[in-house]
Structures are given as C-alpha cells and as structure tokens.
Amino acid sequence: MSGNNNDLWRFFVRVVLFLHRKIQQYLRKAKDSYFTSYCMDYKSKGLNNFVLLNSLKGISIPDGVIKSYLEHSFDILGSGWKCMDHGAEISGFHGYKYQMSIAPDVDYLGVWLEGRINEKNVAESKNIWKNITHDYFPIDWHIDYKSGYRWQEKEWYKSIVFGNVPGVDVKMPWELSRMHHLPQIALFFSNFEELSQEKKRLKVEFENQVLDFISTNPPRFGVNWFCAMDVAIRASNWLLAYDIFCSAGADFSTDFKRIFERSIYEHGNHIIKNLEWNNKGRGNHYLTDICGLAFIVGYLPQTDETDAWLVLVIQELVSEVQFQFNSDGSNFEGSIAYHRLVTEMVIYATAIILGVLDKRLEQLSREVKKVPKTGFGKPKVTANRLALYTIDEAEEGKIITPFPKSYFASIELMIEFVLGVMKPDQRLPQIGDNDSGRFFKLSSRYLKYSNLEMQSKFENIMTGSSPSEETYYLEDGLECTHLIAAAKGLFKGNANLDNYELDSINCVDRVCIQQLARYKKIPSQLGPYVRAGNKLEVSCSEKEFMALTANLDSNYSGHKRTSVFDFTKSINVDQLNLASYQDFGVYVFRSDDFYLLVRCWEGDHPLVTGHMHNDQLSVELVIEGSNVISDPGTYIYSSLPGERNKYRSCLAHYSPIEYDDLASLNELDVFTFSELHSAKVNYFGKRGFWGELEVNGRKVELVCSITCDKLVINHIAEEPLSSISSQDIRYSFGYGWKESGINKTEM
C-alpha cells in the first residue's frame, strides 16, 4: 500500500511542477511582450580579468582559418567553409532545401531591424547596432546553413519549435552561436607586436560580431536562447576572448564595455532561470549550465547576487562530479566524446573558481547573504556558509579551496580515463554519441586538404565555389591532447600527466588554465581519496582461455566467423598494457604498435542514456599506426532520424550481434534508447578477451586471441553470421561529416 502512496505522491509532484512551469512561462512571456527583455537597469562596474599581458603570445592559428572568420565563413558541423551572412547561398542537405534567408538592406542606424526584432526590443537593438562600424554586414545567427531553414528573431525562446521539419538541424545555429572562433581570433591578435591595420581589424571584428549578436538576439528571443547549455558556452567564449584581447593591449570603448558586461549578466540571469536540471535525467546540459555560470561569476563584479550564483556553482560542481561520473572516472552517459566535453568543462570551471580572490571566498565562508532565484523545483543553495578546505603545498604553502580533496581526485580519474582509452594517434575512439561538442577550441588542430581532395574524401562536403587550389583547413575533431594540457595546468605530481610531453600548439590550454587559476596548482590527490572502483571478476583463467582458443572448432557447434590480423612487427604479449573500465564497459590493450578496445557493458549502472549505441561486443583496432577497425561514429541527430538510428544500430558495429534493430529504434525518439542487453566478461588478460551476451534468447560471443604475431577475432553465434563487409555504413569522424568509403573491414 505504501508503494502505491509513493507512486501517487510522485505523480502529484510531477503535475505540480508541470503546472508551475507552464504558469511561469506564461507570465514571463507576457512580461516580455509588454516590456523590453534587455536589462535596462543594469549598472556596469567593470569585468574582472585573469589573463596576464602576452601570456598566450605565439600561439599558432592558421592564417587561412582567421581569414575565413573575418569573411564570416565558418565550417560548422560538416557544412564546409561557407559564408554565413544573410542571403548566403544554400546548397541543401540530403535533398532538403529551404530558401528562407533574404539579404536585408542594412543601414548603420539599424532601421533594417524593424519588423525583425520584436516591438518592445527594437529600440534598444537599434541603439546597440549603432555601435557597429558602417562597413560591417551582419551574420545570420538564426539559420541552418545546410538546409536553409530559418527561425525568426522575434519568436519567444520557449515557443521555438524544432525537430518537426525534415532535413533541418537546429544544432547548426546553436553551434555557430557558441562563438568558439572568437578566442581563436583573440589569440591571433596577441601574436602582433605593434598595433597594425590587421591587428586593429581583428579587434573591430570581435566587437562587431558580439554587438551584432546582442542586437539581433535580444534576451529570451530567437533560437539561440532556447538551450541554456549554448547560452553558457557562448558567454564563456565571449569572456575568455575579451580577456585575451585586453591582455594583449586591446582598448575597447566605454559603450562597448557597458553593452558587453550587461549582456554577460543577461546570460547568467537566463541560465539561472533555465537550469536544465531534474531529479533523475540531468546530464551534460546541466553540467554545462553550471560551468558557464562559473565563468560568468568569475568575471562579473562581486555583488550579493553574483556571490549567490558563485556558491550555487561550487555546490553543484561538487555534487554533479559525484553524480555524473563513475568510480572508474568515466562519464555515466556512455559516450567517450561526451566524456571529453564534460571533463574539459569541469577542469576549466574548477580553474576559474580557484582564481576567485581568497578574500571573496572567505567572506562567503562566513555568510551567504542571498539565495539565487533558480525557480520552483530547481537546486537551491543548501548552506548559509561556503565550506573551505586547505591543501598543504610544500613549495607555495597552503592552498585555500572551496573544493574537497576527493573532488580533485575525481577529476584526475576523469583524465586517467581519457589517457586509458586514447588511441596511439592521440584521438578518441567513438564509443557512444559524438556531437563534436567542445567548451573552448583554443588549440584546435587542422589537417590540410585541397577542396578537390575534400570533395573526394567526403560525400556530403559542400565547399561552395572556392578555387580547387586553395587549402581546406579541416578541424581534427577527435584529437584530445588539449584536455591533457588543461589537466597539466591544474595538477602536479600526477605521474601520467607529468610524463606527457606537450607541443607548442596544445600548450595554450595549460597556460590558460594556469592563468585562470592564478597559478594555484593542485598536488595529485589520487590515493586515499579515490572512490573505490569495481574489481573485475572473471570466470575463466588464462590457462582455460588458451585451451579454449586452441580448440575453438571442437568447443563450439554453432556458427563462427573468424578474422585474422597479422602483425608486421612482433609484440611482446606479456608487456601489453591493459586497462579495464567496468562501469563504462570498455577494455583496452595497448603497446607501441598495437591498440585494441573491446566494448562490453555489464549493465551494473542503473541509468542508461540516449547517448549510448547498440555496440555491445564491438571492437576498435589499430595496428602499427593504421586504424583497421573503427566505430563508424554518429553522423547526425534529429534532422535525419533514419540516419541517426542507422549509426547507433547493431548493424553499424563490428560485433557478433546481427539482429536488425532499426524497426525498434525508429519507434523511439532520437534521444531515447532502450536498455542495452547486459553482457558478461568471461576473460580479460594478456592473452585476449572473451565476452558473451544473450540477444532475443540467443547467445552470441566475442573471442579475441592475441599472440606475438597476430590477433584473431572470432564471432560466435547460434545462427548463421553474414560477411561483415556487406554492412554499408560510411565513417563519420565528427557530427555532420560522412566519408565516401565504407567503414567495415573485410572478413
């Protein structure tokens, strides 16, 4: 009876929360319909700074990339380098093309904004626009540049609809509006010694693009305010870019600084009132909200309100690191790419909180004067004082921090996971979804191709009318050394990090973290503060496994598919480095010339998220620097549900599971996923791997046998197995990209 009462109570709470949310939305929309949504009474006091003069000088961003940014040409999620001004030519996407953008008759007084911006905001939008130079033509921040579909600037953010028109991807305007390119422009600006015309142009372009966005995206209007996650990333990139510009000698006008600071406050206020939190299903979106707020409260001047935000950020960072990361350091959402994103955000947010003045933290340790207005049912500050901790440091003395030692140990484990699964080429395997998400792109690496090479390599590339002899700069979306560099800036005394050599490109993240944290480096906390991980227990000994693999034909009466991968260089099996991450469900073998990752999730964790794929008992294989078997990636989300489901289906992965699950996936939302079939690890050791699971009542097995000169992979099932080379799936290294060749390896 008590169970029924609990169910009724939970149902009642959900109804109350739903009704409260709807009422609040109605009231907010009504208010924004009668009054400007700009915060007209905000009093500018000046932003804080963290970056020191010329501290990031010498960072190499390709000239061609910066030139493209200045021409408003961006490469967004597989779009190809395209001009993204109003009225730009649209190529279409998978046969879908919507011609909805018309070049406006832009004037320096902002008259062109009338009819585009909602009535109550148009006056202030025009005032902001007047600060933009007369030769600037605006970027269209509201359009999907692949399909051409466009959302309206004057639509209230909660009324925005997406996912209902075929071929249309809302991630396109969201990604552009995250402004990852602005810190890169700022870094390029810092390379110049003297004030030249080119250096001046970089600073003016930064001002123009920021003012353009603020003018044409009033708070709470348009598609770029829909998701608080994107609001948080945008504010963080604006702030870091602004700080780098200032440190390199940029002098901004009083009007620009006033408008900019006010908008940063508006971003923070929006996040606080739109936290993507719920009691059960929160994930990377909510963590991004908190990390973006960390930057906002770090840079905004101290007030009772921003102090309240700061305390909430610290409280929720500690809570969410505990909640969203497993004991083996991995992220609970089941995606390695998402793990990279949230780990980067946590490191950067932690650094800037460490850089907050000790005096401010000590004041809050005595009293928190205000509670942030996060909304009904959302997290509140749970203590009236901020807890502070002391970390003893032999050289610099004691470090005062609002984070417990166990929190830092958890971050180190998050980095250890990246180091453990990273391929020999320093790129990530694509287990689970990959939407190419990043917090910052300070040290992005670019591969050089000609446009003709790109058109040959990728079947969906849209390079426009650029001459074929021009260089195409392709961002290396799976590279992850920036994350290791950032961790090196935060920690010392961690052997794996200390031994990792950085080059001149990814040093920027290390230097930036040091600057943000004001050179507070945390000594390694791995040891007594590490949360106890799962102890891997297997049912098969090494001797039994070797006997099994020596007589597979006689041991199995079912169907078997065998693949043999020969090594040119012999490996010492006894010296293989092994790493197991049971919570996440991956097992790694590596040497200088060999890398094997096996996906085998045992289903012990209670939460399964929509970012997992049906990839049980699949493998990734690298031999002597060559990617022999790779997970095909993700390609796309809601714009093409059929493609989305194809990439996360069983048939997309190199595994013994061959049942056609597309029909069941097509019945689900693109971000809903049925629970994976739980697998079992029978053996994991120097000699290989043996795992099994049941699919629809039938057992399938994966047996990987490693010797000094070859790897033998056996897929075993009760039903006939097809030739895996017949699975037609194109490799996607990042969101929106699809290569021309078939991904599968011949069996």
Side-chain angles (χ1 to χ4, degrees), residues 46-63 65-70 178-196 198-211 213-214 232-253 256-257 259-261 263-264 267 291-292 294-300 344-345 347-349 351-356 438-446 482 485-486 489-490 502 504-519:
L47 295 169
N48 299 319
N49 69 285
F50 291 83
V51 179
L52 300 179
L53 182 64
N54 291 332
S55 61
L56 298 175
K57 183 181 176 183
I59 303 305
S60 177
I61 306 295
D63 292 9
V65 172
I66 300 300
K67 179 183 177 183
S68 295
Y69 293 156
L70 295 178
R178 289 180 175 187
M179 305 284 194
H180 286 126
H181 60 282
L182 291 184
Q184 293 184 349
I185 292 177
L187 288 171
F188 200 80
F189 176 89
S190 69
N191 286 336
F192 292 87
E193 290 285 352
E194 303 295 334
L195 183 62
S196 61
E198 187 173 359
K199 186 173 184 178
K200 181 180 178 181
R201 185 186 177 193
L202 293 168
K203 176 245 184 184
V204 170
E205 184 65 27
F206 168 76
E207 289 178 305
N208 284 342
Q209 288 193 24
V210 170
L211 292 170
F213 186 91
I214 297 173
I233 294 176
R234 175 168 61 250
S236 301
N237 277 271
W238 278 6
L239 286 164
L240 189 56
Y242 177 80
D243 204 358
I244 296 171
F245 267 112
C246 291
S247 73
D251 184 20
F252 295 101
S253 70
F256 175 80
K257 289 189 286 188
I259 295 168
F260 182 73
E261 182 183 330
S263 186
I264 292 299
H267 278 64
C291 292
F295 268 76
I296 290 170
V297 298
Y299 278 98
L300 282 178
E344 177 193 4
M345 292 190 301
I347 290 175
Y348 267 95
I352 200 166
I353 296 301
L354 288 174
V356 171
R438 291 280 298 276
F439 198 42
F440 296 113
K441 293 186 177 182
L442 301 178
S443 55
S444 289
R445 296 177 184 270
Y446 293 90
H482 67 280
L490 185 61
L502 297 175
S504 60
I505 295 178
N506 56 35
C507 270
V508 62
D509 287 274
R510 176 182 60 81
V511 174
C512 190
I513 288 293
Q514 290 174 335
Q515 297 275 311
L516 293 172
R518 303 197 193 277
Y519 290 93

Nearest-0.5 Å distance, CD1 of residue I347 to CD1 of residue I352: 14.5 Å
Check: I264 and Y299 side chains under 4.5 Å, non-hydrogen atoms: no
Polar side-chain atom of N237 near backbone of I233 as donor-acceptor pair, under 3.5 Å: yes
Check: G46 main-chain N/O paired with E261 side-chain donor or acceptor under 3.5 Å: yes
Validation row, ring centre F252 to ring centre F260 under 6.0 Å: no
Shortest non-hydrogen separation from C291 to M345 and the atoms involved: SG-O, 3.5 Å
Nearest-0.5 Å distance, NE2 of residue H180 to CG of residue L240: 11.0 Å
Side chain K203, main chain D251, donor-acceptor under 3.5 Å: yes
Side-chain donor or acceptor of D243 paired with backbone N/O of V51 under 3.5 Å: yes
From I513 atom CD1 to F50 atom CZ, the distance as rounded to the nearest 0.5 Å: 11.5 Å
Sub-4.5 Å side-chain heavy-atom contact between C512 and L442: yes
Q184 (side chain) donor-acceptor with I66 (main chain) under 3.5 angstrom: no
Close side-chain approach of N49 and Y242, heavy atoms under 4.5 Å: no
Test side-chain contact (heavy atoms from CB on, under 4.5 Å) applied to L70 and K67, step by step: CA-CA 5 Å; L70 295 178; K67 179 183 177 183; 5.7 Å; no
Heavy-atom closest pair, residues R438 and S444: NH1-OG, 4.3 Å
Interatomic distance, S236 atom OG to F439 atom CZ [nearest 0.5 angstrom]: 3.5 Å
Side-chain (K199) to main-chain (F192) donor-acceptor, under 3.5 angstrom: yes
Reported CZ-to-NE2 distance for the pair F295 and H267, which is rounded to 0.5 angstrom: 14.5 Å
Any donor-acceptor pair under 3.5 Å from S263 side chain to I259 backbone: no
Check: N48 and L300 side chains under 4.5 Å, non-hydrogen atoms: no
Heavy-atom pair with the smallest gap, counting every atom of W238 and M179: NE1-CG, 3.3 Å
Non-hydrogen side-chain atoms of F206 and F189 separated by less than 4.5 Å: no
Nearest-0.5 Å distance that lies between atom OG in S247 and atom CD in Q515: 8.0 Å
Shortest non-hydrogen contact between Y69 and Q209, atoms and distance: O-NE2, 3.7 Å
Which atom of D509 lies closest to which atom of A485, heavy atoms considered: CB-CB, 4.1 Å
Ion pair R201/E205, N-O distance below 4.0 Å: no
Contact check, side chains of F256 and V210, non-hydrogen atoms, under 4.5 Å: yes
